[in-house]
There are 2 protein chains.
Amino acid sequence: MKSTPEFKVERITTTGTLTDRVFDALKQLINGEDFQPGSRLPSELKMASRFGVSRTVIREAVSRLKSEGLVESRQGSGVFVRDRNMHAPFRIDPSIMDSVQSVLQVVELRLSLEGEIAALAAKRRTREQMVAIKHALKQIELDEQAGKDGVEADIVFHRSIAEATGNPHFLALIEFLFNFLIKATLITRSYEATKAALSQQVKEEHLRIVDAISRQDPEAARLAARQHMEGASRRLGSVDLKRFIAQSESQDSH
Amino acid sequence: MKSTPEFKVERITTTGTLTDRVFDALKQLINGEDFQPGSRLPSELKMASRFGVSRTVIREAVSRLKSEGLVESRQGSGVFVRDRNMHAPFRIDPSIMDSVQSVLQVVELRLSLEGEIAALAAKRRTREQMVAIKHALKQIELDEQAGKDGVEADIVFHRSIAEATGNPHFLALIEFLFNFLIKATLITRSYEATKAALSQQVKEEHLRIVDAISRQDPEAARLAARQHMEGASRRLGSVDLKRFIAQSESQDSH
DNA sequence: CTTATTAAAGTTGTCATACAACATTACATG
DNA sequence: CATGTAATGTTGTATGACAACTTTAATAAG
């Protein structure tokens with residue numbers, strides 16, 4: 001059992017509750033070089049003293065670290081840094097989504113996945129799933145005609161395709177990525193709506209995907225989905241994103 | 001502001017600390033149908049009473065829910081279920097990794113990504129990154145000669161390719177997936193090591209990937225990486241996984 | 001001296017109480 | 001009815017106590 005490394009507390013400067021702040025500080029500490037897997041954090045009382053907060057705050061912060069899979073506690077013994085494990089989640093730090101580059105990186109990840117998702121959907125889709133996909137595509141059109149932004153309908157469309165992969169992880173991951181791309185999707189769709197030619201192109205791209213899935217042609221589906229996402233990425237890149245990102249930030253600060 | 005829905009507490013039966021158990025129960029409740037985004041959880045005191053635990057336990061559990069992005073608290077007002085947001089993590093439930101099908105589904109997700117990663121690495125890799133990739137490939141061989149299982153070296157190899165994408169999300173996501181596939185990788189490599197012909201095939205697959213990246217040929221890199229991962233998946237599928245999964249489970253129960 | 005047993009100290013998990021800071025509701029006044 | 005004040009309710013934090021467990025230290029026995 002490794003000894004408790006030297007505990008260096010830097011002044012907590014972030015905003016939020018004390019628990020939030022201690023959690024952030026401990027997380028950084030653990031992700032640093034001093035606390036290797038297996039090493040033991042100082043006792044709750046010592047940490048409370050070091051941070052200048054009550055034991056309650058420490059316990060709440062440590063409870064969160066446990067949820068992140070970063071530590072495990074053993075009653076009577078202490079709190080220990082965990083090895084790489086299946087409990088740690090995959091996250092994208094929301095605070096980085098204030099740069100155009102970061103948005104495009106997330107878009108790129110999604111782009112990579114959508115091609116694969118469409119190919120698998122073409123292989124595995126059931127009749128019912130095909131009906132749902134076609135219905136979702138139709139709903140995009142109905143929403144547009146009703147004057148809506150179409151973002152939710154677009155998400156439902158892509159979700160219906162991900163469901164047809166029969167692999168829940170594709171669905172969960174794409175849903176996860178939607179969270180980061182709602183604003184970007186809104187931007188893209190707004191831009192596409194300003195030009196009839198673009199709008200038509202997007203419809204055709206969607207149709208090509210659906211057609212390939214219907215025909216159960218994975219290669220065509222992959223290609224169509226990639227081309228659609230690449231087109232969307234290009235269209236996103238041709239819009240001045242900064243204005244929208246500034247809005248996004250003010251919205252998130254409530 | 002929506003009213004607080006009816007609060008139905010089912011007897012907590014799972015193991016772990018009370019905080020763990022209340023957290024699980026609340027999470028299920030929130031993911032159910034009664035608590036829509038915007039709705040308010042009962043007050044801490046009421047939940048403590050309902051669950052038959054102290055307010056401390058509730059607070060610790062709610063602190064975790066906040067970390068999961070599932071709720072937000074407003075001092076003086078209450079705890080509210082959040083909309084879809086960028087704070088919620090992507091997780092794969094470790095408990096499902098006890099079935100062969102689930103392992104193969106995670107493998108499939110990784111398979112999809114590795115092709116895209118290799119293609120991007122071929123487009124973007126720097127000289128230094130190319131050196132690191134070749135070095136990592138050499139290290140696999142050295143580890144095998146030293147009698148090691150080669151799992152860590154294999155991970156380092158794939159990691160070096162993901163780094164060459166220049167997109168941190170691919171790297172982070174593939175690292176995340178490694179956590180679930182360590183055992184499967186061990187199984188595959190063990191099986192591959194039992195037959196000289198297989199072992200040679202894997203080396204050639206690796207070489208083909210590295211060659212394509214070196215030549216900066218994205219299509220060849222994508223194809224080579226997909227073929228390698230498909231081969232690995234087939235090889236994994238031809239092993240009796242159940243024995244190993246049983247072992248994995250007993251290891252995780254400490 | 002070595003080994004085994006017991007006691008003491010330390011640590012996490014939970015409970016209870018109190019107060020600060022904030023929000024909501026109820027009541028009184030013009 | 002609108003406005004202001006008081007009362008009540010809720011989250012955030014601190015403190016103290018005790019239970020359940022682990023580790024270390026002290027003591028007794030061979």
Side-chain angles (χ1 to χ4, degrees), chain A residues 1-5 7 9 12 14-26 30 35 38-82 253-254, chain B residues 1-5 7 9 12-26 30 35 38-82 254:
Chain A
M1 188 56 67
K2 300 188 185 174
S3 63
T4 303
F7 190 65
V9 178
I12 305 173
T14 58
T15 59
T17 64
L18 287 179
T19 298
D20 291 336
R21 294 147 79 178
V22 169
F23 170 67
D24 286 338
L26 287 177
I30 288 165
F35 287 87
S39 54
R40 181 183 167 286
L41 295 196
S43 71
E44 292 172 352
L45 283 182
K46 283 200 177 111
M47 287 194 280
S49 175
R50 289 287 181 83
F51 280 109
V53 298
S54 71
R55 197 179 148 215
T56 304
V57 170
I58 297 294
R59 285 196 58 77
E60 287 180 14
V62 167
S63 189
R64 287 186 176 187
L65 292 173
K66 287 197 259 184
S67 247
E68 296 285 316
L70 288 172
V71 300
E72 65 188 335
S73 61
R74 290 181 216 129
Q75 183 171 345
S77 191
V79 176
F80 299 86
V81 179
R82 290 183 74 163
S253 305
H254 70 267
Chain B
M1 189 58 65
K2 300 187 185 176
S3 63
T4 302
F7 190 65
V9 179
I12 305 171
T13 57
T14 59
T15 58
T17 63
L18 288 178
T19 299
D20 291 335
R21 293 146 79 179
V22 169
F23 170 67
D24 286 338
L26 287 177
I30 288 165
F35 287 88
S39 54
R40 182 182 167 284
L41 295 197
S43 72
E44 291 171 353
L45 283 182
K46 282 198 178 115
M47 286 194 279
S49 176
R50 289 286 180 83
F51 280 110
V53 298
S54 71
R55 195 179 151 216
T56 304
V57 171
I58 298 293
R59 285 197 57 78
E60 288 181 12
V62 167
S63 190
R64 287 187 178 186
L65 293 173
K66 288 196 257 183
S67 248
E68 297 285 316
L70 288 173
V71 300
E72 65 187 336
S73 61
R74 290 180 217 130
Q75 183 171 341
S77 191
V79 177
F80 299 85
V81 178
R82 291 182 73 161
H254 70 268

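Within every chain, numbering begins at 1; the chains are lettered A, B, ... in the order of the sequence lines, protein sequences first and strands thereafter. All values reported here derive from a predicted model rather than from experimental measurement.
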Can you list the steps and then say if A:L41 with A:K46 is a side-chain contact (heavy atoms from CB on, under 4.5 Å)? CA-CA 10 Å; A:L41 295 196; A:K46 283 200 177 111; over 6 Å; no

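- B:L26 is listed as a side-chain neighbour of B:M47, based on a closest heavy-atom distance under 4.5 Å.
- One distance of note links CZ of B:R55 with CD of B:E44; it measures 4.5 Å at 0.5 Å rounding.
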Base versus backbone protein contacts along nucleotides 4-11 of chain C [heavy-atom cut-off under 4.0 Å; B, S, -]: ------BB

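- Within residues 54-64 of chain B, the residues that have a heavy atom under 4.0 Å from DNA chain C are, in order of number, B:S54, B:R55, B:T56, B:V57.
- The shortest non-hydrogen separation linking A:V79 to A:S73 is CG2-CB, 4.0 Å.
- The interatomic distance linking A:L65 (CG) with C:dG13 (P) rounds to 12 Å, in whole Å.
- Between B:T19 and B:R64, the closest side-chain pair of non-hydrogen atoms falls below 4.5 Å.
- Here the CZ atom belonging to A:F23 is positioned 7.0 Å from the CG atom belonging to A:L70, to the nearest 0.5 angstrom.
- Counting only distance, with no hydrogens or angles, the side chain of B:R40 and the backbone of B:S77 share a donor-acceptor pair below 3.5 Å.
- Looking only at side-chain heavy atoms (C-beta outward), B:V22 and B:I58 come within less than 4.5 Å of each other.
- The listed nucleotides are C:dT14, D:dA14, C:dG13; the one nearest the side chain of B:L18 is C:dT14.
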